[in-house]
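Notes follow once the structure below has been shown.
All values reported here derive from a predicted model rather than from experimental measurement. First the proteins, then the strands, lettered A, B, ... as listed; each starts at 1.
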2 protein chains.
Amino acid sequence: MINVLLAEDQAMVREALAALLGLEEDIRVVAQVARGDEVLEAIRTSGADVALLDIEMPGQDGLAAAAELRRAVPGCRIVMLTTFGRPGYLRRAMELGADAFLVKDAPAAQLADAVRRVLRGERVIDPTLAATALSVGADPLTERERDVLRAAADGSTVSEIASRLHLSEGTVRNHLSSCIGKTHARNRADAVRIAHENGWL
Amino acid sequence: MINVLLAEDQAMVREALAALLGLEEDIRVVAQVARGDEVLEAIRTSGADVALLDIEMPGQDGLAAAAELRRAVPGCRIVMLTTFGRPGYLRRAMELGADAFLVKDAPAAQLADAVRRVLRGERVIDPTLAATALSVGADPLTERERDVLRAAADGSTVSEIASRLHLSEGTVRNHLSSCIGKTHARNRADAVRIAHENGWL
DNA sequence: TGACATCCATGACATCTGTCATGGCGCGAT
DNA sequence: ATCGCGCCATGACAGATGTCATGGATGTCA
């Protein structure tokens with residue numbers, strides 16, 4: 001019997017996935033959480049063999065939860081399950097040591113399949129997604145540039161970003177300019193969109 | 001026995017929801033589609049009593065599918081099911097004559113419950129969401145302003161938008177300016193964000 | 001230690017953006 | 001038929017934005 005933890009913030013989706021996995025004879029959902037920062041404790045108390053982690057979650061995102069889990073409970077298998085097949089997500093998940101990376105677009109049968117395979121020591125990745133992730137390349141932004149771009153994502157002005165990050169306006173403009181250059185964007189908003197789509201923010 | 005059609009583009013979520021509804025003794029999922037423009041035909045061939053429609057879908061969005069369905073098959077009940085509880089979505093769904101509006105954040109039990117209730121002629125809406133939808137108010141943008149703002153959403157420049165919509169640059173700037181004013185935004189990107197969050201785009 | 005990258009900052013410049021006043025056109029409502 | 005409104009356009013202006021050259025302060029790596 002495979003014991004699975006399910007971490008997904010949308011209750012209806014989470015319980016639906018639990019129902020789906022419940023149809024499998026050899027799989028049992030032993031814990032469900034809705035927040036990234038509840039994963040570790042739930043794994044410890046439930047003793048699950050596999051953690052199924054969504055990425056977009058409150059508290060702590062699924063990638064951070066995976067990193068924490070990898071350190072604290074190295075034996076636990078990690079399956080990332082996300083709506084968005086952003087290349088940067090896949091890359092970060094792999095660097096963190098996740099065992100599988102699934103998108104919710106994929107057929108339902110792949111879920112139980114992936115759970116079984118990671119338990120046998122295999123790694124499961126959508127080959128198409130892997131290809132695009134490799135072709136897109138790694139995040140070209142520096143940490144500071146990412147900070148500034150994130151701060152610009154909601155439509156803030158330069159002066160607002162500057163005061164929020166305790167920088168001068170000129171510095172903010174310089175960072176944004178290099179973000180625009182590195183992402184081959186036309187302007188700030190475009191750079192935000194591109195970085196977002198690639199999973200760099 | 002209640003016959004349900006399920007329209008949702010993410011295969012894994014769709015099949016998981018089907019598994020969830022399959023646990024109910026009085027409900028049967030008789031059709032599944034992944035695109036909005038396949039809803040009507042599937043309803044006709046399956047003869048489903050209730051259509052469960054996601055909003056974000058390729059081909060045609062769930063709201064457009066609901067409108068089409070309401071006209072062509074007035075007897076069919078419509079339940080909107082969406083990730084995002086955007087006020088504008090709820091408002092448009094109600095104006096279109098949807099019978100229920102659920103968010104995927106809600107507990108799974110509400111899904112089957114809503115299906116049964118709409119079939120008894122009730123309308124099902126999350127009261128919290130209804131309150132915010134009413135407090136936010138209706139979309140203040142004109143059709144043309146919406147067009148321009150949509151065209152600006154991906155970070156396009158004024159000249160690009162102008163040529164795409166066959167307008168002069170000055171007109172584009174004027175429309176954008178009034179979008180910014182009406183949404184109480186700080187600039188274009190902010191206006192895009194606000195309109196998006198409210199479900200106006 | 002030197003080479004190098006990152007981060008921060010300044011100032012100057014061209015361009016883009018947002019605002020405003022103004023006016024014409026078409027349409028539906030009073 | 002006049003009014004209001006949406007739509008399109010122009011021109012002008014201030015302010016925001018993006019680019020560039022330049023330079024100092026750090027920290028890392030060979």
Side-chain angles (χ1 to χ4, degrees), chain A residues 88 91-92 95 136-201, chain B residues 88 91-92 95 136-201:
Chain A
R91 183 178 292 269
R92 279 192 273 164
E95 286 169 359
V136 164
D139 184 352
L141 305 177
T142 67
E143 196 177 328
R144 211 55 179 149
E145 287 165 353
R146 235 184 335 268
D147 289 341
V148 173
L149 196 58
R150 231 191 309 265
D154 66 346
S156 295
T157 63
V158 168
S159 69
E160 288 168 335
I161 299 169
S163 71
R164 207 179 317 157
L165 299 185
H166 308 291
L167 294 176
S168 82
E169 301 197 4
T171 302
V172 171
R173 283 216 297 279
N174 285 339
H175 280 312
L176 286 175
S177 181
S178 81
C179 287
I180 292 167
K182 288 178 175 180
T183 56
H184 310 294
R186 290 163 297 185
N187 52 46
R188 187 186 311 196
D190 199 19
V192 167
R193 182 184 59 79
I194 291 168
H196 206 257
E197 285 175 1
N198 284 325
W200 296 335
L201 292 189
Chain B
R91 182 178 293 267
R92 278 191 275 164
E95 285 170 359
V136 164
D139 183 351
L141 305 177
T142 68
E143 196 177 326
R144 212 54 179 147
E145 286 164 355
R146 233 184 337 268
D147 288 342
V148 174
L149 196 57
R150 231 193 309 267
D154 66 346
S156 295
T157 63
V158 168
S159 70
E160 287 168 335
I161 299 168
S163 70
R164 207 180 317 159
L165 300 185
H166 308 292
L167 293 176
S168 83
E169 301 198 3
T171 301
V172 171
R173 283 216 298 277
N174 285 340
H175 280 313
L176 285 175
S177 181
S178 81
C179 288
I180 292 167
K182 287 178 175 180
T183 57
H184 310 294
R186 292 163 295 185
N187 52 46
R188 187 187 309 197
D190 200 18
V192 167
R193 183 184 58 79
I194 291 170
H196 206 258
E197 285 175 2
N198 285 326
W200 295 336
L201 293 189

### Message
With a 4.0 Å cutoff (strictly under), does any side-chain N or O of B:Thr171 reach OP1 or OP2 of D:dA9?
### Response
yes
### Query
Who passes side-chain contact (heavy atoms from CB on, under 4.5 Å) against A:Thr142, sequence neighbours left out?
A:Arg144, A:Glu145, A:Lys182
### Query
Would a distance-only check, ignoring hydrogens and angles, find a side-chain to backbone donor-acceptor pair under 3.5 Å from B:Arg188 to B:Ser177?
no
### Message
Please tell me if A:Thr157 has a side-chain N or O lying less than 4.0 Å from either OP1 or OP2 of D:dT17.
### Response
no
Review item, nucleotides 28-30 of chain D N/O atoms under 3.5 Å of protein N/O:
none

### Query
Pairs in or reaching into residues 158-174 of chain B: which pass salt bridge (Lys or Arg N to Asp or Glu O under 4.0 Å), with residues at least two apart or in two chains?
A:Arg186-B:Glu160
### Summary
Value for NE2 (B:His175) from CG (B:Leu141), rounded to nearest 0.5 Å, stands at 11.5 Å
### Task
Specify the separation, in whole Å, of atom CG of B:Asn174 and atom C1' of D:dC13.
14 Å
### Query
Out of curiosity, B:Ser156 OG to B:Arg150 CZ, how far, rounded to the nearest 0.5 Å?
13.5 Å
### Salt bridge present between B:Asp139 and B:Arg146 (N-O < 4.0 angstrom)
yes
### Query
Can you name the side-chain contact (heavy atoms from CB on, under 4.5 Å) partners of B:Ile194, sequence neighbours left out?
B:Thr183, B:Ala185, B:Asp190, B:Asn198
## Note on the structure
Here the distance between atom P of D:dT17 and atom CG of A:Asn187, to the nearest Å, is 11 Å
### Query
Can any side-chain N or O of B:Asn187 pair as donor or acceptor with the backbone N or O of A:Gly155 at less than 3.5 Å?
yes
### Query
Is any side-chain nitrogen or oxygen of A:Arg173 closer than 4.0 Å to OP1 or OP2 of D:dA16?
no
### Query
Whole Å only: how far is the CG atom of B:Leu176 from the P atom of D:dC7?
14 Å
#### Entry: Distance below 4.0 Å between B:His175 side-chain N/O and D:dC7 OP1 or OP2
no
### Message
What is the separation between atom NZ on B:Lys182 and atom C1' on D:dG6, rounded to the nearest whole Å?
### Response
9 Å
#### Entry: A:Arg186 CZ to D:dT17 C1', straight-line distance once rounded to whole Å
16 Å
### Query
Do you know which two heavy atoms are closest between A:Leu149 and A:Ala191, and how far apart they sit?
CD2-O, 3.9 Å
### Task
Could you tell me whether the phosphate oxygens of D:dC8, OP1 or OP2, come under 4.0 Å of any side-chain nitrogen or oxygen in B:Ser168?
no
### Query
In whole Å, what is the span from the CG atom of B:Asp190 to the P atom of D:dA16?
15 Å
### Message
Going by side chain to side chain contact (heavy atoms under 4.5 Å, CB included), B:Ile161 matches just one of B:Thr171, B:Asp147, B:Asp154, B:Val172. Which one?
### Response
B:Val172
### Task
Locate the shortest heavy-atom distance separating B:Ala138 from B:Trp200; write the atom from each residue and the value.
O-CZ2, 4.0 Å
### Query
Please walk me through it: do A:Val148 and A:Cys179 pass side chain to side chain contact (heavy atoms under 4.5 Å, CB included)?
CA-CA 9 Å; A:Val148 173; A:Cys179 287; 5.7 Å; no
### Query
Between the axis at one end of the helix from C:dT1-D:dA30 to C:dT30-D:dA1 and the axis at the other (five pairs apiece), what's the angle to 10 degrees?
40°
#### Entry: Atom-to-atom span, CG of B:Asp147 to C1' of D:dG6 - whole angstrom
13 Å
### Task
Walk along DNA chain C from 5' to 3' and tell me the first and last nucleotide with an atom closer than 4.0 Å to a non-hydrogen atom of chain A.
C:dC7 to C:dA12
### Task
Let me know the distance between NE2 of B:His166 and C1' of D:dA9, rounded to the nearest Å.
17 Å
### Message
Return whichever of A:Val158 or A:Gly170 has its heavy-atom-nearest nucleotide of DNA chain D closer to the 5' end.
### Response
A:Val158
